[in-house]
Amino acid sequence: MNIAVIFAGGVGSRMHSKQRPKQFLEMYNKPIIIHTLEHFECHPMIDAIVVVCVEGWMDYLRELLYKFRIEKVQKIVPGGATGQLSIYNGLCAAKELAGQQQAIVLIHDGVRPLIDDKLITDNIHSVEKHGSAITTAVVKETVLVVKEDGSIDYVPSRSHSRIAKAPQSFYLEDILAAHQRALAEGQDNFIDSCTMMQHFGKRLYLVDGPDENIKITTPQDFYSMRAILEAKENAQIYERD
């Protein structure tokens with residue numbers, strides 16, 4: 001069983017949106033979260049979707065799911081006090097869906113809508129083969145590791161550097177066990193699943209995703225998403241046989 005756990009529990013303070021969380025901002029008359037969910041809804045290898053939603057917006061999300069005919073969402077759960085706790089809520093809901101079945105979970109940001117079918121497929125196949133899939137992007141500029149005083153500590157090799165993105169995918173029992181171990185040790189604020197699994201010594205495997213797989217966090221990201229969608233729309237009109 002393959003389950004997408006979509007994290008939409010943030011309020012989007014960096015977006016400066018006063019009326020609604022960033023995942024509910026509209027692009028082409030469709031909220032960003034729906035753009036994201038449609039990729040998983042339409043993918044034949046995804047069996048179910050869990051959405052972790054900011055409290056107070058769960059009923060609105062249900063209205064959107066009905067309006068846009070998103071039928072694979074089987075559970076909507078509230079977010080927690082931290083991103084880690086929110087994802088844990090989603091994983092527990094995924095466990096309820098999976099029961100005793102072995103399941104793969106694809107943990108994804110609700111505001112990362114510019115993924116594609118191949119990336120979802122590659123994540124599932126990597127977990128089946130290696131036990132994990134961390135979506136990455138090639139680093140295109142020089143990365144500097146700095147000290148607390150602001151001076152440069154060292155410059156890592158660009159050819160051996162990647163940017164961690166999403167989905168981040170695992171066997172459900174493995175990532176759930178890591179979350180439970182973290183909570184037992186009093187840790188509740190790991191920045192993402194990749195960081196948590198690395199902390200506990202898990203060997204992780206990478207899957208390179210499309211360049212446009214950006215996270216819509218700031219107004220600039222929102223404008224970039226619009227430009228990418230416009231470019232794709234124009235490509236349909238102007239592409240040659």
Find the distance between [atom1] ([X]) and [atom2] ([Y]) and round it off to the nearest 0.5 Å.
X	Y	atom1	atom2	value
N89	H179	CG	NE2	10.0 Å
L65	L37	CG	CG	6.5 Å
E128	N2	CD	CG	6.5 Å
K95	Q101	NZ	CD	10.0 Å
K75	E96	NZ	CD	4.0 Å
I134	S126	CD1	OG	8.5 Å

For the pair [X] (side chain) and [Y] (backbone), establish whether a donor and an acceptor sit closer than 3.5 Å, ignoring hydrogens and angles.
X	Y	answer
S169	S132	no
K118	D122	no
T36	G110	yes
S151	K147	no
N189	Q84	no

Are side-chain heavy atoms of [X] and [Y] found at a separation under 4.5 Å?
X	Y	value
I216	D221	yes
I76	L61	yes
F222	K22	no
V73	R62	no
V143	V155	no
F170	L204	yes
T82	F190	no
I120	I124	yes

If you compare all heavy atoms of [X] against all heavy atoms of [Y], which two are closest, and at what distance to 0.1 Å?
X	Y	answer
H35	M27	NE2-O, 2.8 Å
M197	A178	SD-CB, 3.5 Å
V52	G90	CG2-CA, 3.6 Å
L172	A98	CD2-CB, 4.1 Å
A166	N213	O-ND2, 2.9 Å
K140	D211	NZ-OD2, 3.2 Å

Path from [X] to [Y] over hydrophobic side-chain contacts below 4.5 Å:
X	Y	value
F7	I191	no
V138	L206	no
I107	L183	yes
I32	I228	yes
Y171	M45	yes

If you count heavy atoms of other groups shown closer than 6.0 angstrom to [atom1] of [X], is the number above 12?
X	atom1	result
Y223	OH	no
K30	NZ	yes
I163	CD1	yes
Q198	CD	no
N29	CG	no
K202	NZ	no

Exercise for the section: Quick one: sort the Y60 and F24 rings into parallel, tilted or perpendicular, breaks at 30° and 60°. Expected result: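 Taking F24 first and then Y60, their aromatic rings stand perpendicular (interplane angle over 60°).
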Handout entry: side chain to side chain contact (heavy atoms under 4.5 Å, CB included) assessment of I214 paired with S224
Key = CA-CA 9 Å; I214 61 174; S224 295; 3.9 Å; yes
Handout entry: Aromatic Y66 / basic R69 pairing, under 6.0 angstrom, 45° off normal
Key = yes
Fill in the blank from the handout: Paired with D109, the side-chain contact (heavy atoms from CB on, under 4.5 Å) test is passed by just one of Q23, Q168, K165, K215, namely K215
Handout entry: Test log, rule side chain to side chain contact (heavy atoms under 4.5 Å, CB included), inputs V111 and L25
Key = CA-CA 10 Å; V111 289; L25 296 177; over 6 Å; no
Problem - Output field: ring centroids H108/F40 closer than 6.0 Å - result: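 H108 vs F40: aromatic centres under 6.0 Å.
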Practice task
Starting from the C-alpha separation in whole Å, work towards a yes-or-no answer on salt bridge (Lys or Arg N to Asp or Glu O under 4.0 Å) for E185 and R181.
Solution key: CA-CA 6 Å; E185 295 178 1; R181 180 177 175 184; 3.3 Å; yes
Completion exercise
Besides Y154, the hydrophobic cluster formed by Ile, Leu, Val, Met, Phe, Trp and Tyr side chains linked at under 4.5 Å, directly or via other members, contains V145
Exercise for the section: Given side chain to side chain contact (heavy atoms under 4.5 Å, CB included), test K72 with D47 step by step and report yes or no. Expected result: CA-CA 7 Å; K72 288 185 180 179; D47 300 301; over 6 Å; no
Exercise for the section: Answer with yes or no whether the side chains of N123 and T135 bring together a donor and an acceptor at under 3.5 Å. Expected result: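 A donor-acceptor contact under 3.5 Å links the two side chains.
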Exercise for the section: Please report the C-alpha distance between R162 and D208 in whole Å, then the side-chain angles of each, then the deciding distance to 0.1 Å, and finally whether the side chain to side chain contact (heavy atoms under 4.5 Å, CB included) criterion is met. Expected result: CA-CA 9 Å; R162 290 291 189 276; D208 280 334; 3.5 Å; yes
Handout entry: Test log, rule salt bridge (Lys or Arg N to Asp or Glu O under 4.0 Å), inputs R158 and E141
Key = CA-CA 7 Å; R158 190 187 303 180; E141 299 189 49; over 6 Å; no
